[in-house]
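Working notes, beginning with the structure itself.
Throughout, a chain's letter reflects where its sequence line sits, starting with A, and its residues are numbered from 1. Values in this document were obtained by computation on a predicted structure and should not be read as measured data.
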There are 2 protein chains.
Amino acid sequence: MLTKIQSLKNIPIFSSLSEKHLEELSEIMLEKTYRKNQVIFDQGDPGNSLIIIKSGLVKISLVDSNNHEFIIKTFSMNDFFGEMSLLDCGPRSATATAVEDTLALIIFRDNFIGLIQKNPSVALGMLTELSNRLRTTTENISNLTFFDAYGKVARCLLDLADKIGKKEETGLAMQLTLSRQELANMSGLSRETFARILKEFQIRGCLKVQGKKILILDEKIMRREIVI
Amino acid sequence: MLTKIQSLKNIPIFSSLSEKHLEELSEIMLEKTYRKNQVIFDQGDPGNSLIIIKSGLVKISLVDSNNHEFIIKTFSMNDFFGEMSLLDCGPRSATATAVEDTLALIIFRDNFIGLIQKNPSVALGMLTELSNRLRTTTENISNLTFFDAYGKVARCLLDLADKIGKKEETGLAMQLTLSRQELANMSGLSRETFARILKEFQIRGCLKVQGKKILILDEKIMRREIVI
DNA sequence: GAATTTTAGTGATCCTGATCACATTTTTTA
DNA sequence: TAAAAAATGTGATCAGGATCACTAAAATTC
């Protein structure tokens, strides 16, 4: 079992910290567990904490008054989220929900501000990470604006494969936790349309779908759907 | 006429700097002018500079292979952009184009990194600003996902009014530089649909449109279109 | 492991907004 | 200021994907 300090070191934004600072950090962090489907925070909530995932899976989503959900992204081990409210003191801009049982570390604003004032490298790491997030969010907009349903499904699956795909003899395999409805909500499509496109990709021979296991057989053809 | 240092002070992320630092900063900055419609940088270009606008107007947009444009946002006096490539060294994620003749200051990566390492407050200001941008980009996604054409137009106009609207006796007035096509491209609609909705809002009495001057007569009703 | 609930697949239909086509207005250029 | 070019408005049509309705399968509960 890793010590608290060793596991902090695995978190990219903190990897540059000295043992001493890590120790300080570990003391101001709170450990918390969330059950599957438990809401971690809601869109609009006031918030001043940053959440780091030690294990599990969390979805960040927008929900409208008709309960239509759009999943912006998912986070897993060693990822952090919630930094926006931490930094600009605004309300939570999206809802965070545990998709699996999740173990998290929490750090509060005042402590965090102190940390980055003492450690410019943490600030820089954070800036780089935020910049990356802005980049993927921009790509998200690009998806929603320019891609048709095929592109949206392809983009969703290829992104997931990037994150959790494992090379097998026949292709890239992934074992999903997310439901079809959730995959559709990540793609910006209705569940029905998502299912139809998934079927079509199978007919074309790009995919093999067995329940929650999806195998990407022909990545090249799939990628063709997401060329801008 | 403001001195270079005085005008740097007006830029929010630099406002906390001392005279001495401002002077250093002013020496590493490059001044450049762009003509109307000139491309400042293109999506995909390598980039390691941050651009600060002294005067003028710049649009940041995504363009697909069919020349469909989506305008993510516009920047004007004292705003900065291009920070993403500066921070994570990735390619430009969108295209920046001058909508009006524009005067800009440019700062390059190495100098910038040096600056924020010496000035944690600049890093913090930048983090807050990036966080804000992530927030508005997230709102953008929300628009695209949940709003119908009415909502999209309302959101676009209300945002513009926020930025450049002036109170008149009859309502909020704004003098636009952007073309109808560009307004449509900000809303994620076709030019035709945008025009139709604009007309409909006029019929309803929410708007008065006289060419490039738009008057918001009934903000309340317009806002009703963008309630999530 | 049977019963219940939830999730998923699929055909039929509908609707919103894109596209096309063209007239009109505005802007630019000579 | 006339002519050309570009931007804008608007009717007609089209199409992609949402929604509805239902069956089938999977997961959960007791």
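- A search for side chain to side chain contact (heavy atoms under 4.5 Å, CB included) contacts involving A/S15 returns nothing, not counting sequence neighbours.
- Applying the side chain to side chain donor-acceptor pair (under 3.5 Å) criterion to A/S142, with sequence neighbours excluded, gives no partner residue.
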What donor-acceptor contacts under 3.5 angstrom involve side-chain atoms of residues 220-228 of chain B, with partners at least two apart or in another chain?
residue : atom : partner : partner atom : Å
B/R223  : NE   : B/E219  : OE2          : 3.1
B/R223  : NH2  : B/E219  : OE2          : 3.0
B/E225  : OE2  : B/R204  : NH1          : 3.1

List the atom pairs, donor and acceptor, that lie under 3.5 Å between side-chain atoms in residues 183-192 of chain A and the rest of the protein, sequence neighbours left out.
residue : atom : partner : partner atom : Å
A/N185  : OD1  : A/Q181  : NE2          : 3.1
A/N185  : ND2  : A/E69   : OE1          : 2.7
A/N185  : ND2  : A/Q181  : O            : 3.4
A/S187  : OG   : A/L183  : O            : 2.9
A/S190  : OG   : A/T193  : N            : 3.2
A/S190  : OG   : A/T193  : OG1          : 3.1

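- Legend: residues meeting ring pair (Phe, Tyr, Trp, His ring centres under 6.0 Å) with A/Y150, ordered by chain and number and at least two apart, are A/F201.
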Every protein N/O within reach of nucleotides 5-9 of chain C N/O, cut-off under 3.5 Å:
residue : atom : partner : partner atom : Å
C/dA8   : OP1  : A/R180  : N            : 2.9
C/dA8   : OP2  : A/R180  : N            : 3.1
C/dA8   : OP2  : A/Q181  : N            : 3.4
C/dG9   : OP1  : A/R180  : NH1          : 2.8
C/dG9   : N7   : A/R191  : NH1          : 2.8
C/dG9   : O6   : A/R191  : NH2          : 3.3

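- Remark: P of C/dT10 and CD1 of A/I197 are 13 Å apart, rounded to the nearest angstrom.
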I'd like a table of donor-acceptor pairs (distance under 3.5 Å, sequence neighbours excluded) in which one partner is a side-chain atom from residues 133-140 of chain A, with atom names and distances.
residue : atom : partner : partner atom : Å
A/R133  : NE   : A/E129  : OE2          : 2.9
A/R133  : NH1  : A/F80   : O            : 3.1
A/R133  : NH1  : A/E83   : OE1          : 2.9
A/R133  : NH1  : A/E83   : OE2          : 3.4
A/R133  : NH2  : A/F80   : O            : 2.6
A/R133  : NH2  : A/E129  : OE2          : 3.4
A/R135  : NE   : B/D88   : OD2          : 2.9
A/R135  : NH1  : B/P91   : O            : 2.5
A/R135  : NH2  : B/D88   : OD1          : 2.8
A/R135  : NH2  : B/D88   : OD2          : 3.4
A/R135  : NH2  : B/P91   : O            : 3.2
A/T136  : OG1  : A/R133  : O            : 3.1
A/T137  : OG1  : A/R133  : O            : 2.6
A/T138  : OG1  : A/L134  : O            : 2.6
A/E139  : OE1  : A/R155  : NH2          : 3.0
A/N140  : ND2  : A/I72   : O            : 3.3

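- A straight line from CD of B/E225 to P of C/dT16 spans 13 Å, rounded to a whole angstrom.
- Comparing the start and finish of the helix from C/dG1-D/dC30 to C/dA30-D/dT1, five pairs each, the helix axis swings through 60°, to the nearest 10 degrees.
- Here the range on DNA chain D touched by chain A, meaning any atom under 4.0 Å from one of its heavy atoms, is D/dG17 to D/dC20.
- OP1 or OP2 of C/dA18 sits under 4.0 Å from a side-chain N or O of B/S190.
- Rounded to a whole Å, the CD atom of B/E69 is 17 Å from the C1' atom of C/dA18.
- Contacts classified as side chain to side chain donor-acceptor pair (under 3.5 Å) and involving residues 40-49 of chain A (residues at least two apart or in different chains) are given here: A/D42-A/T95, A/S49-A/R92.
- Remark: B/R35 engages B/D101 in a salt bridge, criterion side-chain N to carboxylate O under 4.0 Å.
- For residues 42-61 of chain A, no pair satisfies ring pair (Phe, Tyr, Trp, His ring centres under 6.0 Å), with sequence neighbours left out.
- Sequence neighbours left out, not one pair with a member in residues 161-190 of chain A passes ring pair (Phe, Tyr, Trp, His ring centres under 6.0 Å).
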